[in-house]
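Here's the structure we're looking at; comments come further down.
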Amino acid sequence: MTIWLFYLLLGVIQGFTEPIPISSSGHLVIFQELLNIQLPGLSFEIFVNFASLLAVLTIYRKDVVRLVVSLWTFLFKKDRSDDTMVDVKFIGLLLVATVPAGVLGVVFGDWIGETLSGVATVGYTLILTGLALWFIRNMRGSKGDGGITLRDAILIGLAQAVALIPGISRSGATIVMALLLGIKQETALRFSFFMFIPVSLGTILLDGPALFTNPETRELFGPLIVAFIASYILTAVSLKWFQHIMAKGELKYFSFYCWAVGILVVLFLA
């Protein structure tokens with residue numbers, strides 16, 4: 001397999017699995033084990049992460065613009081209308097929800113990478129992910145954007161922190177928690193992916209400068225761009241598909257998938 005094809009395949013896997021509740025990190029670990037290869041380093045992670053971020057911003061561009069405009073009018077034009085205040089509250093709760101994963105990632109990130117990144121862990125956590133998705137498969141909440149509370153945001157943030165463990169899907173964990181808290185499916189999905197924005201931006205701001213001093217970036221710039229494009233396209237396609245799945249209430253199929261892959265991993269790769 002050429003390096004170009006290898007990076008294309010990684011970009012496709014990362015992009016497609018990032019939005020849906022089957023764990024992108026877990027699938028990369030499985031892929032590494034199956035092909036007996038070493039996954040790329042920091043440059044690859046930053047490139048595909050940024051691509052997925054741009055895809056999420058593209059899909060939710062109207063909501064992003066509305067929130068930015070609301071925050072601007074609130075801060076500089078003293079707009080205190082009901083719609084503006086709902087949007088400003090939503091932004092504040094998003095920031096609160098990102099704190100647990102950020103703090104725990106800094107404190108325990110290295111330990112998680114060293115001790116919980118094995119393929120056996122991924123197998124068992126995929127099975128747990130499937131169970132969680134099955135449990136909430138028929139839930140229909142009533143809370144919209146304005147109904148999310150500070151407690152809700154903290155609990156959803158803690159769910160995102162649990163997803164630092166490979167095999168626990170970030171989108172799955174946050175959506176499961178949001179539905180358990182009585183939040184509407186559409187709102188839960190949007191809140192989950194808006195949480196991805198500050199987390200992803202933080203990663204890029206913290207690790208991005210290393211790109212300029214990393215020899216890997218210069219040596220593999222072409223393959224990295226291929227991975228970036230693949231990740232962007234597949235994240236956008238996968239997110240649109242997941243929106244459709246959520247609207248139809250068919251999360252059970254992700255449960256079946258997680259169970260099947262998790263059991264196979266435990267039986268044959270662990």
Side-chain angles (χ1 to χ4, degrees), residues 8-31 44-64 67 94 97-98 101 122 125-126 128-130 132-134 136-137 156-157 159-179 183-204 227-258 261-262:
L8 172 62
L9 184 58
L10 287 179
V12 168
I13 294 171
Q14 165 67 26
F16 185 74
T17 57
E18 178 62 47
I20 58 180
I22 60 173
S23 179
S24 59
S25 61
H27 277 71
L28 288 175
V29 170
I30 294 170
F31 179 75
F44 171 79
E45 293 178 14
I46 295 173
F47 267 77
V48 295
N49 182 272
F50 185 47
S52 292
L53 171 63
L54 291 180
V56 170
L57 290 173
T58 300
I59 298 298
Y60 284 109
R61 59 190 179 278
K62 292 182 180 179
D63 294 293
V64 171
L67 291 175
L94 280 171
T98 62
V122 171
T125 52
L126 280 174
L128 289 175
T129 295
L133 291 171
W134 179 262
I136 54 87
R137 67 193 185 282
I156 296 171
Q160 179 168 253
V162 173
L164 292 169
I165 303 171
I168 299 291
S169 164
R170 190 206 66 81
S171 63
T174 52
I175 289 170
V176 164
M177 180 58 74
L179 293 178
I183 296 172
K184 292 180 180 178
Q185 286 190 332
E186 180 184 351
T187 302
L189 186 65
R190 185 168 60 252
F191 195 83
S192 172
F193 284 102
F194 272 53
M195 285 173 66
F196 175 74
I197 295 173
V199 170
S200 183
L201 282 175
T203 300
I204 293 167
F228 177 91
I229 295 171
S231 182
Y232 174 83
I233 294 172
L234 268 296
T235 298
V237 170
S238 183
L239 178 51
K240 290 294 289 184
W241 177 60
F242 188 37
Q243 288 176 327
H244 177 69
I245 293 293
M246 283 285 290
K248 295 181 68 176
E250 295 180 344
L251 284 173
K252 61 183 179 182
Y253 295 112
F254 292 113
S255 292
F256 300 150
Y257 176 85
C258 288
V261 174

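The residues of the chain are indexed from 1 along the displayed sequence.
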**Study point:** E186 atom CD, neighbour heavy-atom count above 12 within 6.0 Å
**Key:** no
Review point. Taking S238 for the side chain and T17 for the main chain, is one N or O donor matched with an acceptor at less than 3.5 Å?
Key: no
Check your understanding: For the residue pair Y257 and H27, is the inter-centroid distance of their aromatic rings smaller than 6.0 Å?
Key -> yes
**Study point:** Side chain proximity check, F44 to L10, heavy atoms < 4.5 angstrom
**Key:** yes
Check your understanding: Does V48 offer a backbone N or O that forms a donor-acceptor pair with the side chain of S231 under 3.5 Å?
Key -> yes
Practice item. May I ask you to test the P19-K240 pair for a side-chain heavy-atom distance under 4.5 Å? Key: no
Point to revise | Side-chain heavy atoms of T174 within contact of F191, under 4.5 Å | key: no
Check your understanding: Is there a donor-acceptor pair under 3.5 Å between the side chain of T125 and the backbone N or O of P166?
Key -> yes
Study note, to complete from the structure: Here the pair of heavy atoms bringing R170 nearest to S192 is NH1-O, 3.0 Å
Exercise for review: Specify whether F256 and W134 have parallel, tilted or perpendicular ring planes, treating 30° as the upper limit for parallel and 60° as the lower limit for perpendicular.
Suggested key: tilted
Point to revise | Shortest non-hydrogen contact between P21 and G172, atoms and distance | key: CB-CA, 3.5 Å
**Study point:** Any side-chain heavy-atom pair of F31 and Q14 under 4.5 Å
**Key:** no
